[in-house]
Amino acid sequence: MYHRILVPIDGSPTAERGLREAIRLAAEQKGKLRLLHVIDDFPMLMEMSTISSFDAGLQKMRAYGESVLAAGKDAASHSEVEADTVLREVTRGRIADVVIEEAKTAACDLVVMGTHGRRGFSRLALGSDADLVVRGSPVPVLLVRQEAGG
């Protein structure tokens with residue numbers, strides 16, 4: 001039985017597919033969702049030439065994250081599933097580490113996340129946060145693959 005399900009979301013179709021599966025599971029098991037959006041501001045920090053442009057970019061990223069979380073919470077509510085949200089920022093480190101930390105601190109008993117299901121060189125070249133979460137998570141992880149052709 002899964003009472004508290006962590007769902008990392010970023011607004012992508014793959015993450016939305018993971019969210020739909022998490023909502024279905026939570027509805028069936030009378031569980032609650034914890035929706036997580038992680039802002040990785042390191043790449044932006046490296047690109048920005050001034051502090052004011054960095055701050056403006058970060059504000060846009062925060063606003064986007066809040067809108068992704070609000071949409072996810074609304075989708076859960078439509079299925080009568082309770083959800084809370086958290087927006088985290090990471091400058092150094094990996095998004096996977098934030099997901100693992102959140103699973104621990106929020107006492108989640110399952111992580112549900114979308115994955116592109118990349119293999120071979122593309123997985124090595126791009127890295128796989130999903131793979132790192134699976135390897136480091138203190139709780140089971142359900143990976144939901146993107147739809148065929150996506």
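Counting begins at 1 with the first residue of the sequence.
Between the Y64 side chain and the D10 main chain, a donor and an acceptor come within less than 3.5 Å of each other. The closest donor-acceptor contact from the side chain of R17 to the backbone of V144 lies at 3.5 Å or more, if one exists at all.
When the side-chain contact (heavy atoms from CB on, under 4.5 Å) test is applied to L132, the partners found at least two apart in sequence or on another chain are R94, A96, D129. S137 meets the side-chain contact (heavy atoms from CB on, under 4.5 Å) test with V111, V133, V139, V141; sequence neighbours excluded. Checked against salt bridge (charged side-chain N to carboxylate O under 4.0 Å, His left out), E101 has the following partners two or more places apart in sequence or in another chain: R88.
Closest heavy-atom contact between G72 and L19: CA-CD2, 3.7 Å. Shown here for V68 and G11, the closest heavy-atom pair between the two residues is CG1-N, 3.7 Å. Annotation for K104 and P138: closest pair CG-CG, 3.5 Å, computed over non-hydrogen atoms.
No side-chain heavy atom of V112 sits less than 4.5 Å from a side-chain heavy atom of L6. Counting only heavy atoms from C-beta outward, the side chains of M61 and E89 never approach each other to under 4.5 Å. The side-chain heavy atoms of L69 and I9, taken from C-beta on, include a pair separated by under 4.5 Å. Between D131 and T115, every side-chain heavy-atom pair lies at or beyond the 4.5 Å cut-off. Looking at P8 and V38, their side chains never come closer than 4.5 Å, going by heavy atoms from C-beta outward.
Atoms CG and CD1, on L36 and I95 in that order, are 9.5 Å from each other to the nearest 0.5 Å.
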Donor-acceptor contacts under 3.5 Å from residues 22-34 side chains, at least two apart:
residue	atom	partner	partner atom	Å
R24	NE	E21	OE1	3.4
R24	NE	E21	OE2	3.3
R24	NH1	E28	OE1	3.2
R24	NH1	E28	OE2	2.6
R24	NH2	E21	OE2	2.3
Q29	OE1	Y2	N	2.7
R34	NE	E102	OE2	2.6
R34	NH1	D84	OD2	2.9
R34	NH2	E102	OE2	3.0

Audit row: V7, M113, side chain to side chain contact (heavy atoms under 4.5 Å, CB included) steps and yes/no: CA-CA 6 Å; V7 189; M113 60 190 299; over 6 Å; no

